[in-house]
Amino acid sequence: MSVDKLPGGTRGTRRPPGFIARLLMPIMMRIHRRSGDRFQGQELLYLTTTGAKSGERRTNPVARFDDGGRGWVIVASAGGTAQHPGWYHNIVAHPDQVQAEVAGKTHHVTVDQLDGEARERAWAVVVAAQPRFAGYTEKTDRVLPVLRLTPID
């Protein structure tokens with residue numbers, strides 16, 4: 001299994017400094033879990049990846065969308081920044097070491113980066129459920145990776 005890394009962009013929204021995100025992430029995850037794994041009307045999953053450089057396990061809340069089967073679709077939008085989110089780099093480096101926690105259950109997952117017609121269908125589902133994602137494409141010039149996570153356990 002492999003995921004080909006899409007190129008980054010040259011423009012996009014500003015990303016907060018990394019140390020702020022590392023400081024706030026545990027607090028935000030606690031709040032999300034208490035609110036039924038939801039944030040701003042979005043259903044979340046907790047994506048655990050292995051660091052591309054550090055090798056450390058990292059967990060991030062990510063908006064999830066049903067894929068019409070047993071899995072979920074996620075988007076590496078980073079709110080429309082010019083760079084991909086760190087978890088996307090981690091997936092590219094270690095696609096066989098990805099887990100998704102949904103409704104309190106952790107699943108080892110396969111990752112498929114969607115392209116062509118499959119990506120367009122998934123993107124339509126994402127934008128229909130959360131129209132704000134369409135705005136992210138206006139903020140950046142990079143192609144937002146759309147990934148399907150399928151449980152294998």
Side-chain angles (χ1 to χ4, degrees), residues 1-16 18 21 25 28-29 32 35-55 57-153:
M1 161 181 24
S2 70
V3 176
D4 294 326
K5 188 175 187 178
L6 296 177
T10 59
R11 64 175 175 81
T13 61
R14 298 186 73 191
R15 182 184 308 208
M25 191 58 64
M28 293 305 296
M29 285 177 54
H32 297 156
S35 65
D37 298 333
R38 296 184 65 79
F39 178 69
Q40 294 182 342
Q42 301 176 108
E43 293 184 336
L44 302 175
L45 62 75
Y46 300 96
L47 184 70
T48 301
T49 59
T50 300
K53 295 179 185 175
S54 70
R57 301 290 284 166
R58 308 239 187 243
T59 301
N60 294 280
V62 178
R64 69 176 162 96
F65 305 89
D66 288 331
D67 75 346
R70 291 184 11 164
W72 310 278
V73 170
I74 61 174
V75 180
S77 65
T81 62
Q83 290 82 31
H84 299 299
W87 59 259
Y88 177 72
H89 298 285
N90 296 345
I91 287 175
V92 170
H94 305 287
D96 57 334
Q97 298 177 31
V98 180
Q99 294 179 324
E101 179 188 331
V102 177
K105 184 169 184 201
T106 302
H107 306 272
H108 189 218
V109 296
T110 59
V111 180
D112 295 304
Q113 183 164 274
L114 303 179
D115 60 5
E117 191 175 310
R119 183 190 185 283
E120 294 307 316
R121 281 193 309 270
W123 183 251
V125 169
V126 168
V127 172
Q130 289 295 328
R132 85 182 94 218
F133 277 77
Y136 298 156
T137 61
E138 296 170 10
K139 295 177 181 181
T140 185
D141 57 350
R142 71 179 168 94
V143 174
L144 304 181
V146 178
L147 308 166
R148 177 181 295 122
L149 307 178
T150 306
I152 56 175
D153 51 6

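Just so you know, residue 1 is the first one in the sequence shown, and it goes up from there.
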A.B. asks: Is the shortest side-chain heavy-atom distance between Ile74 and Tyr88 below 4.5 Å?
C.D. replies: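 Counting from C-beta outward, Ile74 and Tyr88 never come under 4.5 Å.
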A.B. asks: Measuring only between side-chain heavy atoms, which start at C-beta, is Phe65 closer than 4.5 Å to Arg148?
C.D. replies: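 No, side chains not in contact.
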A.B. asks: Any non-hydrogen side-chain atom of Thr140 less than 4.5 Å from a side-chain atom of Thr81?
C.D. replies: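 Of all side-chain heavy-atom pairs linking Thr81 with Thr140, none is under 4.5 Å.
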A.B. asks: For a quick test of reading the model, state the closest non-hydrogen atom pair linking Val3 to Pro95 and the distance between them.
C.D. replies: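 Nearest heavy atoms, Val3 then Pro95: CG2-CB, 4.1 Å.
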A.B. asks: Okay, side chain of Gln83, backbone of Gly8: is any donor-acceptor separation there less than 3.5 Å?
C.D. replies: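 Such a contact is absent between Gln83 side chain and Gly8 backbone.
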A.B. asks: Using 0.5 Å steps for rounding, measure from the CD1 atom of Ile91 to the NZ atom of Lys5.
C.D. replies: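 Result: 12.0 Å between the selected atoms.
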A.B. asks: Which atom names give the shortest non-hydrogen contact between Ala78 and Pro85, and what distance separates them?
C.D. replies: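 Ala78 and Pro85 have their closest heavy atoms at CB-CD, 3.9 Å.
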A.B. asks: Going by heavy atoms in the side chains, are Val73 and Val126 under 4.5 Å from each other?
C.D. replies: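 Side chain of Val73 against side chain of Val126, heavy atoms only: contact under 4.5 Å found.
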A.B. asks: Do Leu47 and Val98 touch side chain to side chain, with heavy atoms closer than 4.5 Å?
C.D. replies: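 Yes - at least one pair of side-chain heavy atoms lies under 4.5 Å apart.
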A.B. asks: Are the side chains of Thr48 and Glu101 in touch, meaning some heavy atoms are under 4.5 Å apart?
C.D. replies: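 No; the side chains remain at least 4.5 Å from each other.
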A.B. asks: Verify, without hydrogens or angle tests, whether His108 (side chain) and Asp96 (backbone) share a donor-acceptor contact under 3.5 angstrom.
C.D. replies: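 Between the backbone of Asp96 and the side chain of His108 there is a qualifying donor-acceptor contact (under 3.5 Å).
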A.B. asks: Do you know which two heavy atoms are closest between Phe133 and Ala63, and how far apart they sit?
C.D. replies: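 Looking at all heavy atoms of both residues, the shortest contact is CZ-CB, 4.1 Å.
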A.B. asks: What distance separates Thr49 OG1 from His94 NE2, expressed to the nearest 0.5 Å?
C.D. replies: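 With rounding to 0.5 Å, OG1 (Thr49) is 8.5 Å from NE2 (His94).
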A.B. asks: Please name the pair of heavy atoms, one in Asp141 and one in Gly9, separated by the smallest distance, quoted to 0.1 Å.
C.D. replies: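 The pair with the smallest heavy-atom distance is OD1-CA, 3.2 Å.
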A.B. asks: Answer yes or no: is there a donor N or O on one side and an acceptor on the other, between the side chain of Asp67 and the main chain of Gly69, under 3.5 Å?
C.D. replies: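 A pair under 3.5 Å: yes.
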A.B. asks: Tell me yes or no: between the side chains of Arg57 and Gln97, is some donor less than 3.5 Å from an acceptor?
C.D. replies: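 Looking only at side-chain atoms, Gln97 and Arg57 do not form any donor-acceptor pair under 3.5 Å.
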A.B. asks: Donor-acceptor pair, distance only, cut-off 3.5 Å: does the side chain of His84 make one with the backbone of Leu6?
C.D. replies: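 Yes; judged by distance alone, with no hydrogens or angles, the pair exists.
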A.B. asks: A side-chain contact here means heavy atoms from C-beta on lying under 4.5 Å apart; do Gln99 and His107 qualify?
C.D. replies: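 Side-chain contact under 4.5 Å: no.
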A.B. asks: If you compare all heavy atoms of Gln113 against all heavy atoms of Pro145, which two are closest, and at what distance to 0.1 Å?
C.D. replies: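 Gln113 and Pro145 have their closest heavy atoms at OE1-CB, 3.9 Å.
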A.B. asks: Using side-chain heavy atoms (C-beta onward) and a distance below 4.5 Å, is Arg119 in contact with Leu144?
C.D. replies: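 The answer is yes; the side chains approach within 4.5 Å.
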A.B. asks: Is the backbone N or O of Trp72 less than 3.5 Å from a side-chain atom of Arg64, with the two atoms forming a donor-acceptor pair by type?
C.D. replies: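 No, because the side chain of Arg64 does not come within donor-acceptor range (under 3.5 Å) of the backbone of Trp72.
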A.B. asks: Test Leu44 against Val62 for side-chain contact (heavy atoms from CB on, under 4.5 Å), laying out the working first.
C.D. replies: CA-CA 5 Å; Leu44 302 175; Val62 178; over 6 Å; no
A.B. asks: Applying side-chain contact (heavy atoms from CB on, under 4.5 Å), run through Arg132 and Gln42 and close with a yes or a no.
C.D. replies: CA-CA 11 Å; Arg132 85 182 94 218; Gln42 301 176 108; 4.1 Å; yes
